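Taking it in order: structure first as structure tokens, then the write-up.
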Amino acid sequence: MKIKLFYFARLKETLKYSTEDLDVPDDVAKTLTILKLKAFLAKRGDVWGQMLMGKLKIRAAINHALVDDNAPITDGDEVAFFPPVTGG
Amino acid sequence: MKIKLFYFARLKETLKYSTEDLDVPDDVAKTLTILKLKAFLAKRGDVWGQMLMGKLKIRAAINHALVDDNAPITDGDEVAFFPPVTGG
Amino acid sequence: MTVRVQTQDFDVGFEISQLRTAHKDAGAVVSFVGQVRDVNEGDTVSQLTLEHYPGMTEKALEAIINQAASRWNIFDTLIIHRVGTLQPTDQIVLVAVSSAHRGDAFKACEFIMDYLKTEAPFWKKEVTPTGERWIEAKQTDDDARERWTK
Amino acid sequence: MTVRVQTQDFDVGFEISQLRTAHKDAGAVVSFVGQVRDVNEGDTVSQLTLEHYPGMTEKALEAIINQAASRWNIFDTLIIHRVGTLQPTDQIVLVAVSSAHRGDAFKACEFIMDYLKTEAPFWKKEVTPTGERWIEAKQTDDDARERWTK
């Protein structure tokens with residue numbers, strides 16, 4: 001399963017990634033959700049765990065629509081992680 | 001007792017008065033209120049009665065402040081009668 | 001606080017900009033612009049004439065602003081209201097309110113409009129194909145004002 | 001419906017005038033203008049940078065407008081939101097709504113702002129005397145949005 005990831009604001013700065021193409025291993029791809037993807041990415045190391053599974057409130061979007069932790073991710077999806085929004 | 005009267009909008013048009021200086025007779029001047037003044041003016045004839053004591057909703061102001069029928073009028077007051085307002 | 005009753009038109013962009021930049025700690029300016037509609041109660045309107053009570057009008061508008069300022073945390077308020085004869089799509093009124101945060105400006109601006117509609121001494125007469133007629137006050141405007149007293 | 005996300009400034013007077021005169025039966029235009037405040041949480045702010053999620057931002061704003069249009073009787077809506085680096089008193093956002101009667105435009109405009117603040121993917125970073133910092137989302141903004149779900 002291939003997905004495209006985006007990170008914004010504080011996440012982008014801390015993770016030092018704005019976007020990446022991710023090839024999700026088959027065992028993770030099965031019934032993949034936002035929460036499962038966050039847990040998978042958190043394994044990359046300290047700052048990833050802190051940002052995605054720590055105290056920081058993180059919001060997610062799939063294909064440009066806000067979703068919650070249980071939202072399912074399918075092949076080809078564009079997934080974004082970011083802090084609560086502060087525009088206006 | 002001398003007061004100054006103003007009429008606006010439909011009242012002005014129908015009564016054909018925009019303003020007048022009124023010398024209120026002593027018996028009317030005693031404990032004069034908006035309602036009492038309207039009744040006094042209504043005696044001038046048909047159109048006055050229709051406009052001031054008829055079915056038309058009339059609002060009043062004393063010295064530029066909206067008041068109700070029981071508001072007391074004193075010597076030198078500026079009194080205005082007009083339909084409900086429709087600005088904005 | 002600024003209140004202007006005038007026959008001439010006004011520049012909404014200029015007025016909002018003045019109000020906005022006068023307070024560098026203001027985050028919000030909420031404004032209402034009223035225009036002459038080309039239709040009212042199903043009839044075409046070709047002209048609108050606004051009459052007012054000089055002397056009382058300004059006092060009534062200032063009293064409404066003072067009430068709003070006592071209820072919400074606002075920086076500044078501007079009301080411009082035109083009088084005289086206007087055409088469809090002409091601007092009638094501008095109410096603009098600045099505040100630190102948007103909630104106060106939204107509430108104060110709507111409050112001012114609801115009270116202006118029911119307490120400021122303006123009267124509208126319109127020209128339709130069947131002639132001139134005074135616009136009647138609407139119960140919905142009284143209801144809108146009453147909401148604020150609850 | 002018009003949604004624009006841009007770095008350049010905008011002319012509030014022109015935009016409101018366009019929206020207003022596009023509907024000759026519109027009696028009301030309610031608008032919100034947000035500006036960069038020179039102070040936030042007690043600290044002087046010298047600069048504000050707005051980041052957004054290109055592609056999602058426009059869709060999110062259009063979805064918010066569609067929600068507003070399904071709840072109230074409105075004619076047209078405009079949202080302009082700036083991104084990039086701004087200074088105190090710079091304009092950030094304009095939301096303008098036209099309607100026949102004022103109540104609908106007031107509610108729709110405030111609804112759009114409350115949802116924009118909590119659902120449109122913009123993030124602010126400000127410069128204060130102690131350095132740069134990301135602005136934290138406020139509980140009061142979530143509360144403001146929740147009012148509309150009751």
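To find a chain, count down the sequence lines: A is the first, B the second, and so on, and within it residues start at 1. On a predicted model such as this, the values are computed, not experimentally measured, just so you know.
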Evaluate the side chain to side chain contact (heavy atoms under 4.5 Å, CB included) criterion for residues C:F122 and B:V85: first the C-alpha distance (whole Å), next the side-chain angles of each, then the deciding distance (0.1 Å), finally the verdict.
CA-CA 6 Å; C:F122 294 99; B:V85 304; 5.6 Å; no
Apply side chain to side chain contact (heavy atoms under 4.5 Å, CB included) to residues C:W134 and B:E13 and explain how you reach the verdict.
CA-CA 11 Å; C:W134 289 99; B:E13 261 186 12; 3.1 Å; yes
Under 4.5 Å to a heavy atom of chain C? For B:A61 that would be side chain
Honestly, the part of C:D141 sitting under 4.5 Å from a heavy atom of chain B is neither
Decide if atom CG of B:D23 counts as having more than 12 heavy atoms of other residues, nucleotides or ligands within a radius under 6.0 Å.
yes
Identify which part of C:K124 has an atom lying under 4.5 Å from any heavy atom of chain B, answering side chain, backbone, both or neither.
both
In terms of the angle between their ring planes, are B:H64 and C:Y53 parallel, tilted or perpendicular, with boundaries placed at 30° and 60°?
perpendicular
Region of C:A60 that comes under 4.5 Å of a non-hydrogen atom in chain B:
neither
Search all heavy atoms of C:M113 against all heavy atoms of B:G88 and return the closest pair with its distance.
CE-CA, 4.3 Å
Any chance NZ of C:K24 has more than 12 other-residue heavy atoms, nucleotides or ligands included, within less than 6.0 Å?
no
Tell me whether B:D26 at atom CG has more than 12 heavy atoms from other residues, nucleotides or ligands lying less than 6.0 Å away.
no
Could you tell me whether C:E136 and B:R10 have a side-chain N and a carboxylate O separated by less than 4.0 Å?
yes
Does C:M56 form a side chain to side chain contact (heavy atoms under 4.5 Å, CB included) with B:E78? I'd like the steps, not just the answer.
CA-CA 11 Å; C:M56 176 169 168; B:E78 175 174 321; over 6 Å; no
Identify the two heavy atoms, one from B:F8 and one from C:P54, that lie closest to each other, and give their separation to 0.1 Å.
CE2-CD, 4.4 Å
Less than 4.5 Å to any heavy atom of chain B: does that hold for the side chain of C:K59, its backbone, both, or neither?
side chain
